[in-house]
Amino acid sequence: MEHKIHIYNTLSRKKEVFEPINSPNVGMYVCGPTVYGDPHLGHARPAITYDILFRYLTHLGYKVRYVRNITDVGHLVNDADQGEDKIAKKARIEQLEPMEIAQFYTNSYHDKMRDLNTLRPSIEPHASGHIIEQQELVRKIIKNGYAYEKNGSIYFDVEKYNKKYNYGKLSGRVLDDLQSNNRELEGQEEKNNPFDFALWKKAEPEHIMRWPSDWSDGFPGWHLECSVMSTKYLGEKFDIHGGGMDLLFPHHECEIAQSTAANGEESVKYWMHNNMITIEGQKMGKSLGNFITLEELFTGNHKLLAQAYSPMTIRFFILQSHYRKPLDFSNEALQASEKGLERLLTAIKTIDTLKTSEKSSLDIKNFKQKCYDALNDDLNTPILFAHLFDGVRYINSIADGNDIISSADLQELKETYHKFVFEIAGLKNIETNAASNDKLESVINILLNTRLDAKNNKDFATSDKIRDLLSEAGIIIKDKKDGFEWEIK
RNA sequence: GGUCACGUAGCCGAGUGGUUAGGCACUGGUCUGCAAAACCAGCUACAGCGGUUCGAAUCCGCUCGUGACCUCCA
């Protein structure tokens, strides 16, 4: 590969050169959504972060298999209904089949992810479709002596595991600390130790989602599916595992323990974690009830929202901060992103209108290299956009006649923008539904030519009136030296 | 309580030992009949207190503040 990309590996807590296990193939697994609620702003961040990684690695010439799961079984709710499946609970509330709920929210997730212009993963496995494999992994862990049975449930023996391996290596926990600091929770009495976690859970009678097994009718443990589906589709050793920082502990720690207990070695080479989105400084979360769904964001229908924000604005907003930093939501910040994005996209359109000269007043090769350098440094998209905005000034300056560009450089500049903005960053022009309407276009042109006549006759009252009324109708006019330009907002 | 992050100009956000990141907002100028857009110029900050260093926003220590994880969550 021409470019060396550095990735921050949570396991080592530093940036490492990315070297795939079987170059040019890259295996990438990302924790996907639990499909029991509307997709929200928090889902957008990992989806976009790993979408950029997927796109960029592909762009660099790697053959990437991107696996992202759909969790449709097995997670617990945090209220009094101990041991009840999240999805089953919701099903009873809404009087629907559990799988109907899962399907509904899976569809909804897909719709919103498409709006955000994220590419579909190569494989999107469902937890419910891999119950047999999960049971196999449980058997393997039992056989290796790292799990025990209690009343039809199977638990992972963390203490025993920790004697040979290091439980806590990813999250930086020490088992002794966990031992002394674990909170008192109900439903833990079956476990030998409070930090042990379930591999298989016996289903209570009212539990709808259940599968037969050697041990009981029940459902798989919370962390099992990712261990199973990642190695099933990417091999026992694969390159990248990504997810939100909130999954670091216990989820990913347990995944490592499970894979190691089963196979004797861990599966993942690079662990990546995106940071959270906060609302007014506080984490957005289902249980906190302060989350904004993507639907609300796109329509502006939420008490915290001053207006609607387009999917591309959201995408750009997320890319303007680095994925490992927390990102605080605010209307002001989103409005800034909206305007910035417009400036960027307008400049890209301007490229096509530029006149060329003998030479260029900017080193395009160097400009392009700086864009690559930004992404190679742990996907630093804010820096990428800083460079792209420097380029915007250059483009506009050429249009104003203050800078020059050669035709070869113009071609390269155009390609660079298309590559980074559309192909890699995955942004796209906001489509205006009327843009392809020829009749509307001629009507606007008639109006604007009338306005031009009025202007030439110094009848500014009429010309301003036409401009103001069109502006109210959402048509923005920009006067040029020799005419006009317009666009539909 | 334990563990780990973070604290950067009006707002959002990069950087992380020596050269004004960038976006948005604001102010002045150019252009324009006036606007809009664009360009030029201005606004130049690193929580506080110590320490290391020729030099620290950047390294170290302490203090204060905020957040995350420890329990389902992206």
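Order of the sequence lines fixes the chain letters, A, B, ..., with proteins taken first and strands second; residue numbering starts at 1 for each chain. Remember, it's a predicted structure, so these values are computed and weren't measured experimentally.
In this structure, B/A5 and B/U66 make a Watson-Crick or G-U wobble pair, each of the two defining distances being under 3.5 angstrom. Within the shown strands, B/C26 is the pairing partner of B/G42 under the Watson-Crick or G-U definition, both distances less than 3.5 Å.
Picking from B/C34, B/A21, B/C39 the nucleotide with the shortest atom distance to the side chain of A/Arg343 gives B/C39. In the set B/A14, B/C39, B/A74, the nucleotide with an atom closest to the side chain of A/Ser397 is B/C39.
A/Arg451 forms no cation-pi arrangement with A/Phe484, by the criterion of a distance under 6.0 Å to the ring centre and an angle within 45° of the ring axis. Under a cutoff of 6.0 Å and an axis angle of 45°, A/Arg68 and A/Tyr50 do not form a cation-pi pair.
In this structure the side chain of A/Phe219 never reaches within 4.5 angstrom of the side chain of A/Val73, judged on heavy atoms.
When heavy atoms are screened at a 4.0 angstrom cut-off, A/Asn402 is found touching the sugar-phosphate backbone but no base atom. Nucleic acid contact class of A/Asp464 (heavy atoms, under 4.0 Å, all strands): base. Among the heavy atoms of the strands lying under 4.0 Å from A/Leu247 are primed sugar atoms or P, OP1, OP2 only; no base atom is included.
Spacing between atom CZ of A/Phe385 and atom C1' of B/G23 amounts to 11 Å, rounded to whole angstrom units. Between A/Arg451 atom CZ and B/U32 atom C1' there is a gap of 11 Å when expressed in whole angstrom units. Between A/Asp400 atom CG and B/C40 atom C1' there is a gap of 10 Å when expressed in whole angstrom units. Rounded to whole Å, atom C1' of B/C6 lies 11 Å from atom CE of A/Met245. Rounded to an integer number of Å, the gap from A/Arg393 CZ to B/A21 P is 13 Å. Atom CZ of A/Phe249 is separated from atom P of B/U71 by 7 Å (rounded to the nearest Å). Following rounding to the nearest Å, A/Met276 (CE) and B/C4 (C1') show an atom-to-atom distance of 14 Å. A/His322 has its NE2 atom 14 Å from the P atom of B/G13, to the nearest Å.
Nucleotides B/G18 and B/C12 are separated by 28 Å at their C1' atoms, to the nearest Å.
By the 30° and 60° cut-offs, the orientation of the rings of A/Phe197 relative to A/His223 is perpendicular.
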Give the C-alpha distance, both sets of side-chain angles, the deciding distance and a yes or no for side-chain hydrogen bond (donor to acceptor under 3.5 Å, both in side chains) between A/Arg45 and A/Ser321.
CA-CA 11 Å; A/Arg45 196 166 198 195; A/Ser321 82; 3.0 Å; yes

